[in-house]
Protein chains: 2
Amino acid sequence: MRAGIDLVRAEGSAALSLREIARRAGVSHGAPRRHFPTHLQLLSTIARAGFADLAARVATALADAPADPRARVVLLAGVYARFATEERGMFELMFRHDLLESGHLGLRGTSMPLFGLLVDLVAEAKPADAPPEVTAGALWAGLHGVVQLWNWGSLPLATGLPGPEPLLEAVITAHMGGVR
Amino acid sequence: MRAGIDLVRAEGSAALSLREIARRAGVSHGAPRRHFPTHLQLLSTIARAGFADLAARVATALADAPADPRARVVLLAGVYARFATEERGMFELMFRHDLLESGHLGLRGTSMPLFGLLVDLVAEAKPADAPPEVTAGALWAGLHGVVQLWNWGSLPLATGLPGPEPLLEAVITAHMGGVR
DNA sequence: TGGCAGGAGTAGACAACGTCTACGATCTCC
DNA sequence: GGAGATCGTAGACGTTGTCTACTCCTGCCA
């Protein structure tokens, strides 16, 4: 499993074959089967570790941050975007549809605590607006979409910007208002 | 190629093996190689057909629609979301990172006309605001993120909503203002 | 202390896949 | 009517995920 995490960070999500992971771990190709009944389950477990890592990064970033909810969302977005570029292979793995769909293993639920945090921040910032789940959902989708479309080059090509930061700012401002 | 399009619509993007496409087309597994040097190039071509289909649907939907730019964006978002759910396999294929990245074949560019349309609509609606490319980029990312996260179940789980429409509305309103 | 059940790893088989190569058919144009 | 190009076939090769038999090793209980 640790071998899988190292591998996805070093070689990207496309290199994560079951046999290559076993090779890196120094065991035979049948060994992982004792612990993970199928390849997808192994990948799901690795992806879950990725979600845990992301949540930990967000937590440490928000630990000693100002209390203003908008500032905290900006921080969160920065961590999200940095994670997606620095841990690109892991990010790709985490949001592979075939993992999330065929799962039923609750991989989806792994991102819910982070979403709950976002809901709280939105509710704190705009208590009397639309339901905070809706605003937070749209906000999350905006951040995710920017990161994803930016990461594979569609948004850089479309906007000509040097970095995704203006887009993240635009998303946050659109959903949470401007600086106060 | 037509066999590939039929296959992805019937069985999803995971079923698109080169040999299965050839089987459906009634030819041997080596035959596609005469026309597409590699499997990825065949998939890219199929994905390009998907982008063309999406653009055509948007065009017909906007053909006899009111001139109000916000209403047109709402229409565009609806077509985008409907395409993603009705042609789920094709949509997954169109935004597979390994196609867009390893390409250099200009698959990315295929979505640029649609983006240009969005830029125009944004510029028309809010002529004196932030650069229209930035707003349009954030808007596109928001729509794409909603559709994607909705499609694989994260957003339904997070928000508890029955459909993605409120989220799409929230994204559009956030970036283009409310109804007038 | 001896025997033994169960977990963990190995090695090999199998079908399916993408790629490559040699070969055959068919069609066009000089 | 034959030459050349285009297209499809058939088989090989290496790799992958899964499955099955076999072998250790470890800890427990009589």
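Order of the sequence lines fixes the chain letters, A, B, ..., with proteins taken first and strands second; residue numbering starts at 1 for each chain. Owing to the predicted nature of the structure, the values given are computational and were not obtained by experimental measurement.
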Sub-3.5 Å pairs of nitrogen or oxygen atoms, protein against nucleotides 10-15 of chain D:
| unit_1 | atom_1 | unit_2 | atom_2 | d |
| --- | --- | --- | --- | --- |
| dG11(D) | O6 | H29(B) | NE2 | 2.8 |

[X] [atom1] to [N] [atom2], straight-line distance once rounded to whole Å:
X	N	atom1	atom2	value
H39(A)	dA15(C)	NE2	C1'	17 Å
H35(B)	dG18(C)	NE2	C1'	17 Å
Q41(A)	dT18(D)	CD	C1'	13 Å
L40(A)	dT18(D)	CG	C1'	12 Å
L42(A)	dG17(D)	CG	P	10 Å
L43(A)	dT16(D)	CG	C1'	13 Å
L18(A)	dG17(D)	CG	P	5 Å
L7(B)	dC17(C)	CG	P	11 Å

Any residue meeting salt bridge (charged side-chain N to carboxylate O under 4.0 Å, His left out) with E86(B), in chain and number order, not counting sequence neighbours: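 Partners of E86(B) by the salt bridge (charged side-chain N to carboxylate O under 4.0 Å, His left out) criterion, ordered by chain and then number, come out as R57(B).
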
For R82(A), salt bridge (charged side-chain N to carboxylate O under 4.0 Å, His left out) partners two or more places apart: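 Checked R82(A) against salt bridge (charged side-chain N to carboxylate O under 4.0 Å, His left out); zero matches.
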
Contacts of R34(B) that satisfy side-chain hydrogen bond (donor to acceptor under 3.5 Å, both in side chains) - sequence neighbours left out: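 Partners of R34(B) by the side-chain hydrogen bond (donor to acceptor under 3.5 Å, both in side chains) criterion come out as none, since no residue qualifies.
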
Polar pair under 3.5 Å, donor/acceptor by atom type, side chain R34(A), base dG9(C):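 When only heavy-atom distances are counted, R34(A) does reach the base of dG9(C) through a donor-acceptor pair under 3.5 Å.
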
Distance-only criterion, 3.5 Å: show the donor-acceptor pairs between side-chain atoms of residues 1-11 of chain A and protein atoms not counting sequence neighbours.
| unit_1 | atom_1 | unit_2 | atom_2 | d |
| --- | --- | --- | --- | --- |
| R9(A) | NE | E87(A) | OE1 | 3.1 |
| R9(A) | NH2 | E87(A) | OE2 | 3.0 |
| E11(A) | OE2 | R24(A) | NH2 | 3.4 |

Main-chain N/O of M176(B) paired with R70(B) side-chain donor or acceptor, under 3.5 Å: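 No, the answer is negative, given that no donor and acceptor are paired below the 3.5 Å cut-off.
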
Please list every donor-acceptor pair under 3.5 Å in which a side-chain atom of residues 132-144 of chain A meets a protein atom from a residue at least two apart or in another chain.
| unit_1 | atom_1 | unit_2 | atom_2 | d |
| --- | --- | --- | --- | --- |
| W140(A) | NE1 | Y80(A) | OH | 3.3 |
| H144(A) | ND1 | Y80(A) | OH | 2.9 |
| H144(A) | NE2 | Q148(A) | OE1 | 2.8 |

